[in-house]
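Notes follow once the structure below has been shown.
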Amino acid sequence: MLADIESILITETQISARVTALARSIAADLVTLPREDEIVFMPIMNGSIVFAADLMRQLPLKMRFRVAMISSYPGTSTTSRGPHIVGSLPEDLRGCHMLLVDDILDSGQTLQLLRSEMQQRGAVSIRACVLLRKRLATTTSEAQSCEYVGFEIPDCFVVGYGLDYDDYYRNLPHIGILKPPPFEVPA
Ligand code: 5GP
Ligand code: MG
């Protein structure tokens, strides 16, 4: 598996320090809400699985846990086909304070879709936390806005720490850049 990685962009140690800092600022904000027990921690699966597991254990809040399944990169594609919800989302979120957690913010479509779904279901506040945000030349800064961001990264396809290519590499402990797959090597 390691032989497939061209370079490491963010090390395990860097991730761990940043997750701790993110958790501190999230907890400091959410603890001021009138009712902690109405917080819903919502990881976007599958990419945020590792990040969410590390982050939630550093949030000393009484909060619920509900997952959202979104698919936008089927199989071996490395460009988004547009996000769509897989399975169901909780029907009634009246009175809830949502914390959406995702691995990476690219075009922003995934978070925009979920924010509007949460709003329609009656959530009173919606915050999002992403580990990575890609610096894009083409997207407006509004589409990429997010309350909590771990790292700003260049516009390249990354894997590891939950992020996949064709469902592989999620178990890498760091964020890496893949060697070009065979189909992308010029003839
Ligand atoms: P957006 O909807 O913001 O364009 O894309 C967000 C989703 O696309 C992420 O949740 C993630 O699943 C996927 N994605 C975007 N960029 C990358 C990337 O560089 N690597 C991987 N593995 N997934 C990505
Ligand atoms: Mg995703």
Side-chain angles (χ1 to χ4, degrees), residues 1 15 19 22-23 26-27 30 33 35-59 61-134 136 139 142-150 153 157-173 175 178 181:
M1 176 174 70
I15 295 171
V19 171
L22 279 173
I26 293 169
L30 297 190
L33 292 171
R35 287 194 49 187
E36 237 180 67
D37 59 345
E38 286 171 340
I39 298 168
V40 181
F41 182 95
M42 180 173 275
I44 304 171
M45 290 292 137
N46 293 316
S48 76
I49 183 170
V50 183
F51 177 43
D54 283 348
L55 183 68
M56 68 190 284
R57 286 177 293 168
Q58 296 200 51
L59 292 176
L61 301 163
K62 184 174 177 186
M63 58 187 192
R64 291 209 182 89
F65 177 91
R66 310 299 285 272
V67 302
M69 281 284 277
I70 305 276
S71 171
S72 45
Y73 279 41
T76 54
S77 58
T78 54
T79 50
S80 176
R81 306 280 161 90
H84 62 270
I85 295 162
V86 181
S88 61
L89 292 172
E91 279 304 315
D92 185 3
L93 292 171
R94 273 174 296 177
C96 291
H97 297 280
M98 306 302 299
L99 179 65
L100 305 174
V101 178
D102 207 0
D103 50 1
I104 184 163
L105 202 167
D106 187 358
S107 68
Q109 287 182 69
T110 301
L111 282 182
Q112 274 170 356
L113 171 68
L114 270 178
R115 281 184 201 266
S116 94
E117 295 286 335
M118 299 298 104
Q119 227 158 19
Q120 283 166 36
R121 288 165 167 77
V124 281
S125 73
I126 305 165
R127 293 171 178 79
C129 174
V130 296
L131 180 68
L132 310 171
R133 176 163 62 187
K134 280 191 193 177
L136 303 178
T139 311
E142 202 194 317
Q144 279 198 314
S145 73
C146 183
E147 286 75 8
Y148 307 98
V149 177
I153 65 162
F157 191 79
V158 291
V159 295
Y161 197 69
L163 291 113
D164 73 309
Y165 173 71
D166 199 16
D167 259 332
Y168 293 108
Y169 311 111
R170 293 194 198 274
N171 53 319
L172 276 175
I175 303 287
L178 266 189

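Numbering starts at 1 and runs along the sequence shown.
- The shortest distance between side-chain heavy atoms of L131 and D103 does not fall below 4.5 Å.
- Put simply, the side chain of V149 does not reach to within 4.5 Å of the side chain of L105, judged on heavy atoms.
- Not a single donor-acceptor pair under 3.5 Å links the side chain of Q144 to the backbone N or O of S107.
- Within the 4.5 Å cutoff, side-chain heavy atoms of S116 are placed close to those of Q120.
- A 4.5 Å side-chain heavy-atom check between L93 and M118 finds at least one atom pair inside the cut-off.
- Look at K62 and D37 and you find no salt bridge, because none of the NZ, NE, NH1 or NH2 atoms lies under 4.0 Å from a carboxylate O.
- Exactly one residue among M98, E38, R94, H97 makes a side chain to side chain contact (heavy atoms under 4.5 Å, CB included) with V124. That residue is H97.
- L89 is listed as a side-chain neighbour of L114, based on a closest heavy-atom distance under 4.5 Å.
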> Going through the checks in order, is the side-chain contact (heavy atoms from CB on, under 4.5 Å) test met by L55 and F41?
Replying inline: CA-CA 10 Å; L55 183 68; F41 182 95; 4.1 Å; yes
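- Between L100 and R115 there is a side-chain heavy-atom pair separated by less than 4.5 Å.
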> Are C129 and E147 close enough, and set up right, to give a side-chain contact (heavy atoms from CB on, under 4.5 Å), and what steps lead you there?
Replying inline: CA-CA 6 Å; C129 174; E147 286 75 8; over 6 Å; no
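- Here the straight-line distance linking atom CZ of R133 with atom CD1 of I104 works out to 11.5 Å at 0.5 Å rounding.
- For the atom pair NE2 of H84 and CE of M69, the computed distance is 9.5 Å after rounding to the nearest 0.5 Å.
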>> Would I175 and I153 count as a side-chain contact (heavy atoms from CB on, under 4.5 Å) here? Give the steps.
In response: CA-CA 10 Å; I175 303 287; I153 65 162; 5.7 Å; no
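- For the pair I70 and D102, the minimum side-chain heavy-atom distance is 4.5 Å or more.
- The line from CG of L132 to SG of C146 is 11.0 Å long, rounded to the nearest 0.5 Å.
- Closest of all the heavy-atom pairs between F157 and D164 is CZ-O, 3.5 Å.
- Counted within 6.0 Å of CD1 on I49, heavy atoms from surrounding residues, nucleotides or ligands total 12 or fewer; the atom is thus considered open.
- Put simply, the side chain of L30 reaches to within 4.5 Å of the side chain of R127, judged on heavy atoms.
- Counting all heavy atoms, side chain and backbone alike, M42 lies closest to V67 at CG-C, 4.3 Å.
- Looking only at distances, no side-chain donor or acceptor of D166 sits under 3.5 Å from a matching main-chain atom of Y168.
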>> Does V101 form a side-chain contact (heavy atoms from CB on, under 4.5 Å) with M56? I'd like the steps, not just the answer.
In response: CA-CA 10 Å; V101 178; M56 68 190 284; over 6 Å; no
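- Here the closest heavy-atom approach between residue A143 and residue Q112 is recorded as CA-NE2, 3.5 Å.
- In this structure, Q119 CD and S125 OG are separated by 11.0 Å, a value rounded to the nearest 0.5 Å.
- Ring geometry for F51 against Y161 counts as tilted: the plane angle lies between 30° and 60°, on a 0 to 90° scale.
- Interatomic distance, M63 CE to I26 CD1, rounded to the nearest 0.5 Å: 9.0 Å.
- Here the closest non-hydrogen pair linking L172 and G160 is CB-CA, 3.6 Å.
- Considering every non-hydrogen atom in both P83 and S72, the closest pair reads CA-CB, 3.7 Å.
- Rounding to the nearest 0.5 Å places CD1 of I15 at 8.5 Å from CG of D54.
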